[in-house]
Every structure is written in structure tokens, then in C-alpha cells.
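Following: one structure in C-alpha cells, then a few remarks.
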Protein chains: 4
Amino acid sequence: MLVLMETQRAARGRARSEVSRQAVLAAATQIIGTDGYAALSIERIARESGVGKQTVYRWWPTKADVVMEALLHKVEVNIPIPDTGSLEADLRQFLTTSLRFGRMSQVVELLRALAAEAQLNPDFAERFRATFVDHRRAALTTILTRDEGRRPAPVRTSTLVDVVFGVIWYRLLILPTEFDDDLVTELVTLLTPTGDQ
Amino acid sequence: MLVLMETQRAARGRARSEVSRQAVLAAATQIIGTDGYAALSIERIARESGVGKQTVYRWWPTKADVVMEALLHKVEVNIPIPDTGSLEADLRQFLTTSLRFGRMSQVVELLRALAAEAQLNPDFAERFRATFVDHRRAALTTILTRDEGRRPAPVRTSTLVDVVFGVIWYRLLILPTEFDDDLVTELVTLLTPTGDQ
Amino acid sequence: MLVLMETQRAARGRARSEVSRQAVLAAATQIIGTDGYAALSIERIARESGVGKQTVYRWWPTKADVVMEALLHKVEVNIPIPDTGSLEADLRQFLTTSLRFGRMSQVVELLRALAAEAQLNPDFAERFRATFVDHRRAALTTILTRDEGRRPAPVRTSTLVDVVFGVIWYRLLILPTEFDDDLVTELVTLLTPTGDQ
Amino acid sequence: MLVLMETQRAARGRARSEVSRQAVLAAATQIIGTDGYAALSIERIARESGVGKQTVYRWWPTKADVVMEALLHKVEVNIPIPDTGSLEADLRQFLTTSLRFGRMSQVVELLRALAAEAQLNPDFAERFRATFVDHRRAALTTILTRDEGRRPAPVRTSTLVDVVFGVIWYRLLILPTEFDDDLVTELVTLLTPTGDQ
DNA sequence: GGGTAAGCGAGACGGTACGTCCGGTCTTACC
DNA sequence: GGTAAGACCGGACGTACCGTCTCGCTTACCC
């Protein structure tokens, strides 16, 4: 119904230019690829995309939102929730998928830039969380909750979720290290009930 | 030896003004307290501290370095490494100390700002790690290494360290949540060998 | 014939909206009255009149032309040429009428704005002269020409006309002074043959 | 004494760059000569003079003030007041000098632009009057005042002054006509006592 | 105690980007 | 074909900082 109303919407005036939208995203991606996020400015995006500055401001509140939209083309937003019946297998699959992006250096640079921006701009922080954090948290929470009853005891599911994403973001943002393949195994070990051994 | 050389240093010309140094740090602290880190600029630091811009540039490479020095007055840099004989007690003490700063909102804001800056400026990132990350990592590594032999198996000490700091930084930088008191207990549970039950 | 064709003109499509025309003139008048001519823009006229920008551009080449049309509602365009038989009386009447507008501050502000625009835009300058300058010049020329034979000598009628309008415009545009009542008498004295004393 | 104090002035900080000042004036002159005053913008002045925008804003409140300063290099500001003993000769000399600038098309274009700006900006209007209007008015007033006693009667000196400058500005700003040589003679005739015939 | 060298506050400099506004044009759906 | 709506590119506005530079002054060591 809502969709219908939106589709029916009067839509007066000239329609948004899809060409300009793509040009902006492409220019932003290209600038960051060449000179890094620090060199990104709305002025330069407009200049190099051949788009009016006002057009950028009309559709994106900050340059970080431009970058976020560009990144969404590279990363799947819909997180598949594995359900193999085995907690361990589910976890392993989820982690393997998640870490794959952490190894794509282009994606990592953008994620770092967005996280930085989120520190400085609370409004953007909220959009960032809604887009890049909440979905994945929910997925992992679902996986771990299935197992809740069997867990030894005093560790809340939400804390376990924080452990997983904490390690990932910590390595992305604070340490200069890369992800290695054993990390998945180690995290699975930490998260699964140990009493079954 | 190095210290000696520095002390012996010719030191011709006028000496560095301690008054100006303090004024700069005070102004930076005050600006951030009032308007947030986003409002901080070297221009404004100079203006409000009554110091020449050149003086700021002479002694600090970026405004983040000013903030970092100001923060060092609020946080202990030398991390005491507890050694009670009990891994669990050592861990609990270390975590309690570490989390205390995570609850001081003024400190948290500065840490977030510095982390943001570190994303955008690799040179600063290195100084930031050397100052705020490496010492604490080394301390926790020492604590956990004592126990290494007794751990079940496949989880490296460095990964356990990442788990601890990962959770902390993740909550500081990504989530809007606060630290609660149970977190220490949960982390200790996760990190200590479970075979002792 | 041409007129006939125009009158017969097929008039295909929608006719010009008189409502919009009035709304544009009213908005322009209102904006200038509130914030002065410097605050006038076609964008704002369209916004405040509820008219499409394109509609303004279709009917008026510049914002100054909008103002000019608005002003024509306040000032008589057809200049009555007094003919009392006495040069002095004719002059006095003509000058009194002309100066009346120079005392209406609302009219003065618009005239100043139009004169300013005429300096910067030659095309508009021509339309401005045709509308606000030529008629009055012709009227005064007629009055003074009747007397030409009786004038002492070397001053051309056109120069006398320039003297009259020169004083008026000079006070409107360059000096911050107002018109006073004695000016009419003084100008009449200067312009009428002095030999009749 | 005042001069001394100004000369003694502390003069802290870097001195104003004379090179930049000249570059700004030259660029403004060149832009107007090429594309007309309507094409002048502070942005373009800065760009073409190789000067920072802020530098222009630091020293000139509006672009019209830049133009005014540039014009002062072309026109004498100190008005010599002739005193030959004969009113007629003094007037003739003063008018001949004044009209000379009215024939220099480059000067005329700038004067028209400044007059236009003065209509739209009251602050500038005052500076414009102080610089280009008041000195000349004072000079002519002095000349005419010497003769005051001999004048027939009811025309104030200030009105006569307005007549002279009125004709000049009227032809510069409103009419498309040029000055011709007979104008001086005609104005002298109008202004000198007629009883001497 | 004079020379000299570095630090100091002040502030101008060339740049770059900010976010806003407006100029004209173009496109859309409606009337 | 006119109309309101509104997006489009271009470009100027005036401001804020950037990092550098250049003043005249102060401080403090060194000969």
C-alpha cells in the first residue's frame, strides 16, 4: 500500500538523473582509489563527475554518505543466516563470509573512512550503524541464540556477538595486521560450548 | 646516553616556552569540551591560547598530536601488570582498570577522535598505536602468557588479546552502548581455561 | 493587417495567465519594499509568487523589466504637456508634476535600481530610456521650443532639457539630498529669458 | 603628529604585500577592459591576479572598492581651483578639466559601474561620494561663491553646482550621448550673471 | 656585556573547501 | 502550448582553515 502510494506519487518536476547519480558514485570511488579518502571533497566529486555541487548536496547529506552508497555496490547488504543444524558449522560459515570483505583492501579502506566519519558526526554514525552494523549483528545473534540453552552460563549472547565483531573491527581500525585463516577456527572454539568435548 | 646527549644539547637561542605549551593544551581541552572535537582547529587553538600559529606547528605535527598530549595528562601511560599468582585475579584487575577509562566520557570522546584521526592519517596512526595501544597489549600479553601452557589449545595468545581489546574498542567506536559491570566477569570466563571446573 | 492577424491569432494552447502576471508584479513589489532591490532575484520572485521560474523568464527578459512594469502602475507614463500660453507657467507646472514623483520614496528606490541596472545592461538601458526618459524629454522639449525665438542665444534647447533632468537625476542618484520646494522656482528662473525683466 | 603616530605604529606581523595590491588592481582593470564590469567578480580577480581570495577581502570591502582604487590611478583626485580673477574664465577652466575625463571611455565605463554600485549599496555610496563627488563639488562651490554678491538673485549656489554636475552625470548615466565642445560655453552662459550684457 | 641564534605573538600570504544562493535551462505531468 | 514543480550544470558568494612566510621583539647562551 505504501509502495503503491509512493509509486503513484505526483512526481512533479524533472526526475532525478540516474546518470548524475552514477557519475557521482564513480567519481568518489575513483578519487579514493587514486588519492585516498583524505583527498575526497564534495567540491572535487562535483568537479570530476561533471555534476553541479548543488546536485551532490541535494541527494547526499555528507561526503561519507556518498562513499557509503558507493560501498553498498561492493558489499552484500542482506546477510544470509546459515542454518545447517550445527552451531559450529553455522558459525564457521558466517565468519568465513564476514572475513572475506575484511581482506578486500579497497573495501577495508572505505570501511575505515566511514568508521572515522562516524566518530566525528553522530548523525552519520547512526546511518552507518543501521547500514553496516545492525544487520550483521542480528544475523549472528540469531545463530547464537539457537544455542543459548546449551551454553555453560554467565556470558550473554550480546557479549559473544561483541567479541566476534570486536575482533574484526579492532583489526580493521586499530591494528595494522591482516586477517589470517586460523582466526575463524579460534573464534568458533571460543564461542561454542566447551563441555561437549 | 641519549638522555645525556639531549641534556647536553647546545640549546642555543631562546628556550621553549612552558607557558605556551600549557596554554595550547588547555585551549585544546577547553575547545573540545565546549564544542566537540569536530570544532577543533589549529587556528582556533592558537587564537584562544594566545599563542602564535607557528608555535603550534613547531611543536606538534597535527592537531591530533596536541589532543594526544593533552589526553596523556588524564590517563596513566604506564600500565601496571598485576601478578597475584592467580590468572583470574590478574585478569580481573587488569580489565577493571582498563574499563575505568572507558566510562569517563571526556576520555572516551578524545579516544574516539584520535581513533578517527588515525584512520585518515597513517603517520599519526603509528604514533597513536605506540602511545595508546602497544603498552596495554604488552601488559595483557604478559598476563596471558604466564598461563599459556594450561590453555586447552588452539587459540593463540595474541588472538585472546585481540578479543579483549576488540570488545572494548568496538563498544567505544561502533556501538552506542556503555560498559556495564558484568563485562569483566564475562571476559574472564571466556579467557580462563574451562577445564578447571 | 498585422494587427488583424495578431488579433485573429489562432491562440493555440493555453493563454497567458493574468493571475500569474499580477502575482509576479506583486511579489516583486513586496520583496523590494521589505528587503530592498538588492535582495530581489528571479528565483525569489517565482518562489514567493507561486509561479514557475520558467514563466517569469518567458515574459520578462530580466528582473529589472519586472520592476519596470511594476513601476509603471505607480507612475503616469503619458506626460501631459501644459500649454497655458506662458512659458513660465508651463515650466512651473511641468516641473511640479515631475518632482512629485521624486518625493515618493518608494518610487525613488525603484528608479535608482532601474538606473543602476541600466548601467550594467545596455539592452535594458535602451528599454529604460524609451520608457522613462524619452517621453519626458519630448514633453519638456516641446515646451521650451515654443519659446526658442525669444531666448538670448547660445544655449541649445537640448542643453536646457539636460539641465532640468540633470539636476533631478543627480539628486536622485548621486546626492543624498531631497528635493525642496524652491527648486522649481530656481529652475524656472534659470530657464526663462532674463531680458524680460 | 598623527602621521608620526601612524608611522610609528607597532606594525606587528607580516607587512601588506604591495605586489599583491598592484596585481589585484591590474587584474580588475584588465577584466573590465576585456569583458566589462558585469563580468567582474572577486573570485575572478583573485584567480587572474594569482592572489588568495581572502587577501582581496582583507583589503577591500567590495569589488566596487577595488575598481574605485584602480580608477584613482587614472583620475586626479585633488581638484585644482582656478583663480584668474574672472568668474567666467575660472568656470571655463574648471569645466574643461572636468569634461576631459567624461570623454575618456575607459574612465566613463568605470564611473558608470561605480555609480550603479552606489545605488545598490549605501555604504559604498558614501565612500563613492567622499571620493568622487565631494571634492569637485567643493571646488565649484568655491568658484561660484566668490561671485555670489553679483548674482541677480534667487538661485542658491548649491543649486547652480547641482546644475553643472547634474548635466554631466545625466549624460554619463542616462543619455547615450557624448559631450561636445559647446557644452562648456553653454554652461558658462547659464551660470554667469546676465546683467553684464 | 655584546653577539647571535632560536623561540615568540602577530598577522599577511596563496590555496582549497565549505555550504548556500542564483542564473538560465531542461524535463515532467497537468491543464 | 502555457503552467507549477523542480532537477540540472555552472559559478560566485563570503567564511574558515590550511600550512607557510615574514615581521619586530624577547630570551638566553656563548664568547
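Only a predicted model underlies this, so the values are computations on that prediction, with no experimental measurement involved. So that the names make sense, note that chain A is the first sequence line, chain B the second, and so on, each numbered from 1.
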Can you name the residues that form a side chain to side chain contact (heavy atoms under 4.5 Å, CB included) with C:D65, not counting sequence neighbours?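 Applying side chain to side chain contact (heavy atoms under 4.5 Å, CB included) to C:D65 gives C:W60, C:P61, C:T62, C:M68, C:F124, C:R127.
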Contacts of type side chain to side chain contact (heavy atoms under 4.5 Å, CB included), residue C:R129, not counting sequence neighbours: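 C:R129 satisfies side chain to side chain contact (heavy atoms under 4.5 Å, CB included) with C:A125, C:E126, C:V133, C:D134, D:P176 once adjacent residues are dropped.
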B:Q119 side chain to A:A115 main-chain N or O, any donor-acceptor pair under 3.5 Å? no
Collect all protein-nucleotide pairs involving nucleotides 5-8 of chain F in which both atoms are nitrogen or oxygen and the distance is under 3.5 Å.
| from | atom 1 | to | atom 2 | distance (Å) |
| --- | --- | --- | --- | --- |
| F:dA5 | N3 | A:G13 | N | 3.2 |
| F:dA7 | O4' | A:R14 | O | 3.3 |
| F:dC8 | OP1 | A:S17 | N | 2.9 |
| F:dC8 | OP2 | A:R58 | NE | 3.3 |
| F:dC8 | OP2 | A:W59 | NE1 | 2.8 |

A:Y57 or C:Y57, whichever maps to the more 5' nucleotide of DNA chain E: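 Nearest nucleotide further toward 5': that of A:Y57.
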Contact list for residues 110-119 of chain C, test salt bridge (charged side-chain N to carboxylate O under 4.0 Å, His left out), sequence neighbours left out: none
I need the full list of salt bridge (charged side-chain N to carboxylate O under 4.0 Å, His left out) pairs touching residues 23-44 of chain A, with sequence neighbours left out, sorted by first then second residue.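 Pairs touching residues 23-44 of chain A that pass the test: A:D35-A:R44, A:E43-A:K53, A:R44-A:E48.
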Return no unless some side-chain N or O of A:R47 is found under 4.0 Å from OP1 or OP2 of F:dG11. no
Give every donor-acceptor pair under 3.5 Å between a side-chain atom in residues 17-34 of chain B and any protein atom, sequence neighbours left out.
| from | atom 1 | to | atom 2 | distance (Å) |
| --- | --- | --- | --- | --- |
| B:S17 | OG | B:V19 | N | 3.4 |
| B:S17 | OG | B:S20 | N | 3.0 |
| B:S17 | OG | B:S20 | OG | 3.2 |
| B:E18 | OE1 | B:R21 | NH1 | 3.3 |
| B:E18 | OE2 | B:R21 | NH1 | 2.6 |
| B:E18 | OE2 | B:Q22 | NE2 | 2.9 |
| B:R21 | NE | B:E69 | OE2 | 2.8 |
| B:R21 | NH2 | B:E69 | OE2 | 3.1 |
| B:T29 | OG1 | B:L25 | O | 2.9 |
| B:Q30 | NE2 | B:T34 | OG1 | 2.9 |
| B:T34 | OG1 | B:Q30 | O | 2.8 |

Listed in order of residue number, which residues of residues 24-33 of chain A have a non-hydrogen atom at under 4.0 Å from DNA chain F?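 Heavy-atom cutoff 4.0 Å gives no residues at all.
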For DNA chain F, determine which residues of residues 110-124 of chain B have any heavy atom closer than 4.0 angstrom to one of its atoms, and list them numerically.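 Close to the strand, none.
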Partner residues of C:Y37 under the ring pair (Phe, Tyr, Trp, His ring centres under 6.0 Å) criterion, sequence neighbours left out: none
Dot-bracket pairing map - DNA chain F, Watson-Crick plus G-U, both contacts under 3.5 Å, | cross-strand: |||||||||||||||||||||||||||||||
